[in-house]
Amino acid sequence: MPIATPEIYNEMLDRAKAGKFAYPAINVTSTQTLHAALRGFAEAESDGIVQISTGGAEFLGGQYKKDMVTGSVALAEFAHVVAEKYPVNIALHTDHCPKDKLDGYVRPLLAISQERVAAGRNPLFQSHMWDGSAETLDHNLAIAQELLAEAAKVKIILEVEITPTGGEEDGVTHEINDKLYTTVEDAIRTAEALGLGEKGRYLLAASFGNVHGVYKPGNVVLRPELLKELAEGVAAKFGKQDPFNFVFHGGSGSTKEEIATALENGVVKMNIDTDTQYAFTRPVADHMFRNYDGVLKIDGEVGDKKTYDPRSWGKLAEGGMAARVLEACQDLRSAGTRLK
């Protein structure tokens, strides 16, 4: 199947919300990790989301120029070609983009999609994320209003993060403290600024103790039941039940119970990066240790080309990451739900 059209992506999200499941949103940094994600979704018979962060896009742009737009466009175009060979629908998304990178990332990508749509084509990406969690909420929402209006012109969905996620991702760092919990007032102000769909569709990354990366038990206190409080508070004020499509950030390392509670309370997208990074790298490390004298030319020997050929360990890496994506689909209940 091809990359999801805006209509298909909207249908995917609507089905997830109605069915109380969520799509894994898998960060990719190469064509190989892209294939791993697509393979995992296909093996799970799940539609899904592939996303590119600013750091991932810079890496994809090559270390000579490190251009984020070049990297993200190149991978998106590649995805449009290869995704047709996988029997699932895939949405392309750009992950965390803070204020200082908007002009070098999201805004140019929106312009590219607007040009494509004007020429009768679909947008290059199906959704973009604005991470204004480091700004005041007023300033965050003001920028979100501008971006939502531009995205809505071409049926692109905007993801907004209104309060901080702890830990660090691509240089954006927040402490792990009591600020990691969105309040009902924060949610009401978001609805007042962005509407509840009439100004354009958006996904809401609300904070319920989320932290990027993986931490030992006890270091992170997740309260996914908070999402129900946010939804009910906004519903009481605006008269619209289940008003938000929530995103679960900092999902790597979460317990199955925490994930289940989040799904019951409106999460339709869960970001997974740390766990899939490890799943990709672990088989490579195993291969290198097992074939130490083959991947290296030790003591004047010639090594073993079959072991240092990138394809030999690359296939293992793809398989390891694909298996973790499959597991994520099962945890999020999206396995077996693909659109026919």
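The figures that follow rest on heavy atoms only: side chains count, while hydrogens, waters and symmetry mates do not. All residue numbers in this chain count up from 1 along the given sequence.
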Inset, instruction - Taking only Lys NZ, Arg NE, NH1 and NH2, and the carboxylate oxygens of Asp or Glu, determine whether Glu258 and Arg223 approach each other closer than 4.0 Å. - result: no
Inset, instruction - Go through the structure and list residues passing side-chain hydrogen bond (donor to acceptor under 3.5 Å, both in side chains) with Gln277, not counting sequence neighbours. - result: Asp273
Legend entry - Mutual orientation of the aromatic rings belonging to Phe21 and Tyr23 [parallel < 30°, tilted 30-60°, perpendicular > 60°]: perpendicular
Inset, instruction - Using a strict cut-off of less than 4.0 Å between a Lys/Arg side-chain nitrogen and an Asp/Glu carboxylate oxygen, indicate whether Lys228 and Asp242 qualify as a salt bridge. - result: no
Inset, instruction - Decide, yes or no, whether a salt bridge links Asp67 with Lys65 under the criterion of side-chain N to carboxylate O below 4.0 Å. - result: no
Inset, instruction - Work out which heavy atom in Leu196 is nearest to a heavy atom in Lys240; give both atom names and the distance. - result: O-NZ, 2.6 Å
Inset, instruction - Using the test salt bridge (charged side-chain N to carboxylate O under 4.0 Å, His left out), find all partners of Glu301 that sit at least two apart in sequence or belong to another chain. - result: none
Legend entry - NZ/NE/NH1/NH2 to OD/OE distance under 4.0 Å, Asp47 and Arg338: no
Legend entry - Residue pair Lys101 / His96, side-chain donor-acceptor N/O under 3.5 Å: no
Legend entry - Ser30-Thr33 side chain donor-acceptor pair, cut-off 3.5 Å: yes
Inset, instruction - Output yes when Lys269 and Glu159 qualify as a salt bridge under the 4.0 Å nitrogen-oxygen rule, no when they do not. - result: yes
Inset, instruction - Show your reasoning for whether ring-ring contact (aromatic ring centres under 6.0 Å, His included) applies to His287 and Tyr308. - result: CA-CA 9 Å; His287 175 84; Tyr308 62 73; over 10 Å; no
Legend entry - Between Tyr9 and Ser127, a side-chain donor and acceptor under 3.5 Å: yes
Legend entry - Residues Glu146, Arg107: salt bridge by 4.0 Å N-O rule: yes
